[in-house]
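Notes follow the structure.
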Amino acid sequence: MIRKIVDYQKLNTDILNLLIDKFPDGYDDSDIISFRNAQNEVIEAVEVKTEDTIYLVKVGKRLVQAMEDFDNTDASNKEEAPEMAEDLSDEFDEDLD
């Protein structure tokens with residue numbers, strides 16, 4: 001299974017939907033995973049899974065706001081909502097070993 005660290009700015013609607021489904025009332029401290037990356041920086045993230053990938057989405061005030069904004073989008077408008085990013089860019093993804 002592939003593991004990727006993703007900044008909230010690189011989330012697409014599919015991953016945002018996974019976040020909303022997993023954390024409908026938001027996440028709390030017990031949901032946050034802390035670890036050090038290759039540059040020895042402390043990263044805090046929440047985990048969401050697809051069939052082939054585990055995404056560790058970096059947490060912060062902006063992630064909470066993005067989830068709230070996306071969740072407030074009317075269900076009929078979700079298909080028309082613009083993508084926050086077209087794709088998950090490899091330059092911002094970090095593979096975990």
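When a residue number appears, it is its place in the shown sequence, counting from 1. As the structure is a computational prediction, the values presented were derived from the model and not from experiment.
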If we ignore hydrogens and angles and just use 3.5 Å, is the side chain of N37 paired with the main-chain N or O of N40 as donor and acceptor? yes
Can you list everything that forms a side-chain hydrogen bond (donor to acceptor under 3.5 Å, both in side chains) with T53? Sequence neighbours excluded, please. none
Partners meeting side-chain hydrogen bond (donor to acceptor under 3.5 Å, both in side chains) with D21 (sequence neighbours left out): none
Counting C-beta onward and ignoring hydrogens, is there a side-chain heavy-atom pair between E47 and R3 closer than 4.5 Å? yes
Is there a side-chain contact between Y55 and I2 in this structure, where contact means two heavy atoms from C-beta onward sitting under 4.5 Å apart? no
First locate atom NZ of K4, then atom CD1 of I54, and finally report the distance between them rounded to the nearest 0.5 Å. 12.5 Å
Could you give the distance from CD1 (I43) to CG (D7), rounded to the nearest 0.5 Å? 9.5 Å
The single option from V6, N17, L18 passing side-chain contact (heavy atoms from CB on, under 4.5 Å) against L11: V6
Which pair of heavy atoms, one from D52 and one from M1, lies closest together, and at what distance? O-CG, 3.4 Å
Which pair of heavy atoms, one from K22 and one from V48, lies closest together, and at what distance? CD-CG1, 4.1 Å
Those residues at least two apart in sequence (or on a different chain) that pass side-chain contact (heavy atoms from CB on, under 4.5 Å) with D28 are S30, D31
Of all residues at least two apart in sequence or in a different chain, which pass the side-chain contact (heavy atoms from CB on, under 4.5 Å) check with I32? Y27, D29, S34, E44, V46, V59
